[in-house]
S.K.: 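Take this structure first; my questions come after.
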Amino acid sequence: MAERGQRKTAVGVVISDRMDKTVVVRVERLVQHPKYKKVVKRYSKYKAHDERNECRVGDRVLIIETRPLSKTKRWRVMRILEKAPEAVPEVVEEVTGDDKADDQA
């Protein structure tokens, strides 16, 4: 059986996981501006297939190029490199009427 050629891979951050078995991954690359020579960040968004719906927003993932899976989906999630930190719920202090009087005085 013939061996497959080298496939393109990219590392990015999941920015959307609302679709079923699909995530949107934002891949960042650094490019030098042709005139001003400053290094500028450029971003590309790819839709990637996530078979087990494991990815969450904020996860760093390795994606690999694959055959067309749908009209816009051409990548597959190979593995999750780093899980996103869990969101910590913020504690909101309630302001009572006595506190308002102290603040105004």
Side-chain angles (χ1 to χ4, degrees):
M1 190 163 160
E3 297 243 350
R4 292 180 190 256
Q6 282 295 103
R7 293 180 171 200
K8 292 179 188 175
T9 60
V11 175
V13 178
V14 176
I15 58 172
S16 173
D17 63 347
R18 290 186 172 203
M19 294 172 274
D20 186 34
K21 296 188 178 184
T22 303
V23 292
V24 179
V25 179
R26 181 169 125 164
V27 176
E28 176 183 307
R29 68 184 196 283
L30 297 174
V31 178
Q32 190 178 43
H33 190 278
K35 182 176 180 180
Y36 300 113
K37 308 302 182 199
K38 180 180 177 179
V39 177
V40 184
K41 288 181 186 178
R42 297 281 182 218
Y43 304 100
S44 299
K45 290 194 312 187
Y46 299 107
K47 290 192 178 106
H49 185 67
D50 178 22
E51 182 63 38
R52 285 173 260 158
N53 280 327
E54 294 175 330
C55 297
R56 294 290 166 249
V57 174
D59 291 352
R60 281 190 44 151
V61 294
L62 174 69
I63 58 175
I64 186 167
E65 194 174 38
T66 186
R67 65 184 174 83
L69 299 171
S70 72
K71 180 181 174 183
T72 57
K73 196 161 44 163
R74 306 285 191 269
W75 295 79
R76 214 172 4 104
V77 174
M78 186 109 171
R79 66 176 165 264
I80 299 172
L81 302 175
E82 186 180 319
K83 291 297 261 181
E86 293 296 321
V88 179
E90 293 183 26
V91 178
V92 178
E93 295 181 21
E94 291 186 24
V95 179
T96 60
D98 296 339
D99 293 337
K100 287 182 184 176
D102 293 340
D103 290 342
Q104 292 175 357

S.K.: Would you give the length of the straight line joining atom CE of M19 to atom CG of N53, rounded to the nearest 0.5 angstrom?
M.R.: 11.0 Å
S.K.: Kindly write out the residues that satisfy side chain to side chain contact (heavy atoms under 4.5 Å, CB included) with R18, not counting sequence neighbours, or none if the list is empty.
M.R.: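 S16.
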S.K.: Is there a path of hydrophobic side-chain contacts, each under 4.5 Å between heavy atoms of I/L/V/M/F/W/Y residues, joining Y46 to V14?
M.R.: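 Yes: a chain of side-chain contacts under 4.5 Å links V14 to Y46.
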S.K.: Taking a hydrophobic cluster as the set of Ile, Leu, Val, Met, Phe, Trp and Tyr residues connected by side-chain heavy atoms closer than 4.5 Å, whether directly or through intermediates, do V11 and I64 fall within one such cluster?
M.R.: yes
S.K.: Please output the side-chain donor-acceptor pairs of residues 67-77 that fall under 3.5 Å, not counting sequence neighbours, one pair per line with the distance.
M.R.:
residue	atom	partner	partner atom	Å
S70	OG	K73	N	3.2
K73	NZ	T22	OG1	2.9
K73	NZ	H49	ND1	3.1
R74	NH1	S70	O	2.4
R74	NH1	K71	O	3.1
R74	NH2	K71	O	3.2

S.K.: Show your working on side chain to side chain contact (heavy atoms under 4.5 Å, CB included) between V61 and R79 and close with a plain yes or no.
M.R.: CA-CA 6 Å; V61 294; R79 66 176 165 264; over 6 Å; no
S.K.: Using a strict 4.0 Å threshold on nitrogen-to-oxygen distance, state whether E28 and R42 make a salt bridge.
M.R.: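 Salt bridge: no.
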S.K.: Identify the heavy atoms of A84 and G58 that sit nearest to each other, and give their distance.
M.R.: CB-C, 3.5 Å
S.K.: Given L62, which of I80, T9, V25 fulfils the side-chain contact (heavy atoms from CB on, under 4.5 Å) condition?
M.R.: T9
S.K.: Which salt bridge (charged side-chain N to carboxylate O under 4.0 Å, His left out) pairs, counting each pair once, include a residue from residues 52-61, with sequence neighbours left out?
M.R.: D17-R56, R52-E54, D59-K83
S.K.: In terms of hydrophobic clustering (I, L, V, M, F, W, Y; side-chain heavy atoms under 4.5 Å; direct or indirect links), are M78 and L81 co-clustered?
M.R.: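 Result: yes, single cluster for both.
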S.K.: Let me confirm one number: the CD-NZ distance from Q32 to K38, rounded to the nearest 0.5 Å.
M.R.: 12.0 Å
S.K.: Taking V23's backbone N and O only, do any of them form a donor-acceptor pair with D50's side chain (distance below 3.5 Å, no angle check)?
M.R.: no
